[in-house]
Amino acid sequence: MVNKETEKAKVSSEGYGYDLDNSRGKEKRPKALALLSGGLDSILAVKLILDQGIEVEAVNFTTPFCLCDKCSLSNFGEKLGIQVHGIFLGQEFLDIVADPPHGYGSQMNPCLDCRILMFKKAEKLAESIGADFLVTGEVLGERPFSQKKEAMLLIEKEAGVEGKVLRPLSAKLLPESDPEKKGLLNRDKLLAIRGRGRTPQIELARKLGIVDYPNPSGGCLLTDPRFAERLKEHLKNEKTVTLRDAALLKLGRHFRINGAKIIVGRNEEENKKLLIITERYRISHLETVNYEGPLTLLVGKEELSILKKAAAITVRYSDAPKTAPVKVEYKGKEEQMLETEAIKDEELETLRV
């Protein structure tokens, strides 16, 4: 004879992502996958879901242009006892940066297409770990490009996750998500925060006992105006951006000579980083002889006129005299020794990117 209470539990949970475990007689807890940026909003979102008794795992996405602190994310995961997965968005993301279907934000940030890609990746991970829905720390109206209601719904639709995304901080201002409709959590315990002000989040953090969190700041170089100009110049000349390009764009002083890119290290730390990239990708480079100076990379045409200008720039940023010929060693397709004075500042500025 079928137990009526057991049958009732089966029916009520059918299709909701959790079922009665007949072997133990206990209901399996709902499970969420949270997109964790490391900022206060996403930390609060995770805490609110955990406090409703829902099992949580998190995923942190990084790109070649991230400014996030991976160590703080690991510490956060350990404190709350949740697993944090890491996914690097590489060339697939860079292709979007070069030509985003939904355009750029205030600078060179393709936020809509970036979020679509993240949700697609998160959905695949959610399926593999058995998560019932996705959670984000998005706040309605906090970011004018990607966190408007219309943009949020568009992102869900194009990523194929319509209704599967819960935004605990602004849930009461948005249409009910599938997990809310299915009773996987209590909508009354969700919030209605909107706008760019941080006071509600800071107060909530205090109430929840969250004291160690990063100050709000831009976490992506693509929103930085100076870096955005450098990237625009690169795309204008190269049309595409690779992982090598992304690494170089973040370092040094940049100059353009007849289509070739000249990258000059600013200090010892940058010189070391540029040397690693040089060795990995076999990039031609120059250094002054007998004087301390920068490592200078040459990407593109290796014509003699370009080499001479690159050598003169190298001397300009070295400790060598600026009004006397200085030897500069060039290592490229063919090694050679050049001798030149430092380039004049007036001409240098005409070449600067």
Side-chain angles (χ1 to χ4, degrees), residues 64-65 67 94 97-98 107-108 221-222 224-353:
F65 305 118
L67 298 171
L94 293 177
V97 171
Q107 299 299 329
M108 291 294 285
L221 268 174
L222 296 175
D224 178 81
R226 181 70 187 93
F227 185 80
E229 285 301 318
R230 179 176 285 189
L231 177 58
K232 283 180 187 177
E233 192 277 342
H234 172 86
L235 288 172
K236 179 181 177 181
N237 285 274
E238 311 297 341
K239 310 307 178 188
T240 62
V241 57
T242 65
L243 288 170
R244 183 200 70 172
D245 298 331
L248 291 174
L249 284 166
K250 294 185 287 186
L251 297 169
R253 304 175 179 89
H254 287 225
F255 304 90
R256 183 75 66 176
I257 304 174
N258 295 335
K261 174 69 75 68
I262 309 300
I263 302 166
V264 183
R266 283 184 260 237
N267 50 48
E268 184 178 358
E269 181 181 356
E270 283 201 341
N271 283 344
K272 289 178 179 178
K273 291 179 179 179
L274 287 171
L275 182 59
I276 292 172
I277 297 171
T278 294
E279 293 174 345
R280 180 181 300 166
Y281 294 103
R282 298 182 180 179
I283 300 173
S284 300
H285 54 283
L286 304 92
E287 290 182 278
T288 51
V289 178
N290 300 325
Y291 295 97
E292 291 293 324
L295 182 68
T296 299
L297 277 59
L298 191 161
V299 181
K301 295 181 293 184
E302 299 186 22
E303 298 171 356
L304 183 59
S305 61
I306 295 174
L307 293 182
K308 288 182 177 179
K309 279 282 194 300
I313 292 173
T314 304
V315 175
R316 163 64 180 79
Y317 287 106
S318 75
D319 293 339
K322 303 300 184 283
T323 57
V326 176
K327 289 183 179 181
V328 178
E329 185 179 17
Y330 167 70
K331 294 182 180 180
K333 293 178 181 178
E334 295 182 3
E335 294 188 13
Q336 57 180 295
M337 194 69 68
L338 303 166
E339 193 167 357
T340 181
E341 294 183 11
I343 191 171
K344 297 294 187 287
D345 287 351
E346 296 78 8
E347 183 180 3
L348 182 72
E349 290 308 312
T350 66
L351 305 174
R352 190 185 299 276
V353 172

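Because the structure is predicted, anything quoted here is derived from the model rather than measured.
- Residues Val299 and Leu248 meet the side-chain proximity criterion, which asks for heavy atoms closer than 4.5 Å.
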For Thr340 and Val315, what are the C-alpha separation, side-chain angles and deciding distance, and is it a side chain to side chain contact (heavy atoms under 4.5 Å, CB included)? CA-CA 8 Å; Thr340 181; Val315 175; 4.1 Å; yes
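- In this structure, Lys309 contributes its side chain and Ile257 its backbone to no donor-acceptor pair below 3.5 Å.
- Applying the side-chain contact (heavy atoms from CB on, under 4.5 Å) rule to Lys322 yields the partners Ala342; only residues at least two apart in sequence or on another chain are considered.
- With sequence neighbours left out, Phe227 forms a ring pair (Phe, Tyr, Trp, His ring centres under 6.0 Å) with Phe65.
- Of all heavy-atom pairs spanning Leu235 and Ala98, the tightest one is CD2-CB, 3.9 Å.
- For the 3.5 Å distance criterion, the side chains of Arg352 and His254 fail to qualify, holding no donor opposite an acceptor.
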Please set out all donor-acceptor pairs under 3.5 angstrom arising from side-chain atoms of residues 325-336, sequence neighbours excluded.
unit_1: Tyr330; atom_1: OH; unit_2: Ser284; atom_2: OG; d: 3.4
unit_1: Tyr330; atom_1: OH; unit_2: Glu302; atom_2: OE1; d: 2.1

Report, one line per pair, each donor and acceptor closer than 3.5 Å where one atom sits in a side chain of residues 285-295; sequence neighbours left out.
unit_1: His285; atom_1: ND1; unit_2: Ile283; atom_2: O; d: 3.1
unit_1: Thr288; atom_1: OG1; unit_2: Tyr291; atom_2: O; d: 2.9

For Val97 and Leu231, what are the C-alpha separation, side-chain angles and deciding distance, and is it a side chain to side chain contact (heavy atoms under 4.5 Å, CB included)? CA-CA 10 Å; Val97 171; Leu231 177 58; 3.8 Å; yes
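- Ile263 has its side chain out of reach of Leu249: every pair of non-hydrogen atoms, C-beta onward, lies at least 4.5 Å apart.
- Between Arg230 and Gly252, the shortest heavy-atom contact is NH2-O, 3.1 Å.
- Residue pairs meeting the salt bridge (charged side-chain N to carboxylate O under 4.0 Å, His left out) criterion with at least one member in residues 245-269, sequence neighbours excluded: Glu233-Arg256, Glu238-Arg256, Arg266-Glu270, Glu268-Lys272, Glu269-Lys273.
- Leu348 places a side-chain heavy atom less than 4.5 Å from the side chain of Ile313.
- Here the CZ-CD1 distance, from Phe255 to Ile306, works out to 15.0 Å after rounding to the nearest 0.5 Å.
- Residue Leu304 holds its CG atom at 7.0 Å from CG of Leu338, rounded to the nearest 0.5 Å.
- Considering CG of Leu351 and CD1 of Ile262, their distance stands at 9.0 Å, rounded to 0.5 Å.
- At least one donor-acceptor pair closer than 3.5 Å links the side chain of His234 to the backbone N or O of Thr240.
- One finds the OG1 atom of Thr278 at 6.0 Å from the CG atom of Leu274 (value rounded to the nearest 0.5 Å).
- Within the 4.5 Å cutoff, side-chain heavy atoms of Leu221 are placed close to those of Leu67.
- When every heavy atom of Asn271 is checked against every heavy atom of Gly265, the shortest pair comes out as OD1-CA, 3.4 Å.
- Glu279 pairs by the side-chain hydrogen bond (donor to acceptor under 3.5 Å, both in side chains) definition with nothing, not counting sequence neighbours.
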